[in-house]
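Report on the structure given below.
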Amino acid sequence: MLLSTARLTLRRFREDDAAALAAYRSDPGVARYQSWDAPVPVAQARALIASSRARDPRAPGWFQYAIEREGVLIGDIGVNLHANLMQAEIGFTLAPGCQGHGYATEAVGRVLEHLFEEEGLHRVSAECDARNLRSARLMERLGFRREGLRRAHTWSKGEWTDDLLYGLLADEWRRPPSPA
């Protein structure tokens, strides 16, 4: 499975991605709003890669796309395809030095294009910690509608956090413009 944009390649993880995956997922700022704790050992990154490599992106369950720029792993996008094969949930992570350059918008936009236009999905949903304003803005920029707020819903890293819920329907999807 290979998807591409003007600046990025979205591909299956390779075994040699483990060190880079562990490095950006070990950054406390990256891990802050995610389900894992930093640091992420290379062995744990290897296990995630092995699990992802064994998955079929067209089968129900989670599949992780590696985001590559100029041969360097800079992030990942998870897609959790529902058993009905008509809807999915997404999540994304980007290395700290690559944030703020439009890469996440470009990569997530390409995955949405794939899911809606090539796979024919009806709906894609996402959720994020309500304090994660950058992720919330990214989803809104891509056309997601905020569908709800679950107050004090998730116990994460020693505190209750609010969750923002987002959804995007196929008939609302508009491909974002390519970066200049």
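Values reported hereafter were calculated over all heavy atoms of this structure, with side chains retained and with hydrogens, waters and symmetry mates removed. One-based numbering along the sequence shown.
Taking the side-chain contact (heavy atoms from CB on, under 4.5 Å) definition, one finds that R14 meets it with R11, D16, D17, E68, sequence neighbours left out. Checked against salt bridge (charged side-chain N to carboxylate O under 4.0 Å, His left out), E140 has no partners two or more places apart in sequence or in another chain. Remark: A107 engages L8, L10, I67, I77 in a side-chain contact (heavy atoms from CB on, under 4.5 Å) (not counting sequence neighbours). Residues passing the ring-ring contact (aromatic ring centres under 6.0 Å, His included) test with F13: none are found, sequence neighbours excluded. Not counting sequence neighbours, the partners of L133 by the side-chain contact (heavy atoms from CB on, under 4.5 Å) test are R137. Among residues two or more places apart in sequence or in another chain, the ring-ring contact (aromatic ring centres under 6.0 Å, His included) test is passed with H101 by Y103. Not a single side-chain hydrogen bond (donor to acceptor under 3.5 Å, both in side chains) links T161 to another residue, sequence neighbours left out.
Here the closest heavy-atom approach between residue A136 and residue Y166 is recorded as CB-OH, 3.3 Å. Here the closest non-hydrogen pair linking L3 and E118 is CD2-OE1, 4.3 Å. Listed here is the closest heavy atom pair of P96 and D27: CG-OD2, 3.5 Å. Residues L142 and L168 share a closest heavy-atom pair of O-CD2, 3.9 Å.
Although no hydrogens or angles enter the test, the distance criterion places a donor-acceptor pair under 3.5 Å between the side chain of Y24 and the main chain of G75. Of the possible polar contacts, one joining the S52 side chain to the Q64 backbone as a donor-acceptor pair under 3.5 Å is found.
The pair E172-R123 fails the salt-bridge criterion, with no side-chain N (NZ, NE, NH1 or NH2) lying under 4.0 Å from an Asp/Glu carboxylate O.
Applying the 6.0 Å contact sphere to CZ of R53 captures more than 12 heavy atoms from other residues, nucleotides or ligands.
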Item to complete: Could you walk me through whether I90 and L115 pass side chain to side chain contact (heavy atoms under 4.5 Å, CB included), step by step?
Response: CA-CA 11 Å; I90 65 165; L115 295 173; 4.3 Å; yes

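Taking a 4.5 Å side-chain heavy-atom cut-off between Ile, Leu, Val, Met, Phe, Trp and Tyr, the cluster of W62 contains only that residue. In this structure, Y33 stands alone, with no Ile, Leu, Val, Met, Phe, Trp or Tyr side-chain heavy atom under 4.5 Å from its own, directly or through other members.
A distance of 7.5 Å separates CG of D162 from CG of D129, quoted to the nearest 0.5 Å.
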Indicate every side-chain donor-acceptor pair of residues 34-49 with a distance under 3.5 Å to a residue at least two apart or in another chain.
from, atom 1, to, atom 2, distance (Å)
Q34, NE2, F92, O, 3.3
Q34, NE2, T93, OG1, 3.2
W36, NE1, R25, O, 2.9

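Pairs engaging residues 120-159 under the ring pair (Phe, Tyr, Trp, His ring centres under 6.0 Å) rule: W155-W160 [sequence neighbours left out]. Pairs of residues two or more places apart, or lying in two chains, never qualify as salt bridge (charged side-chain N to carboxylate O under 4.0 Å, His left out) while including a residue from residues 86-97.
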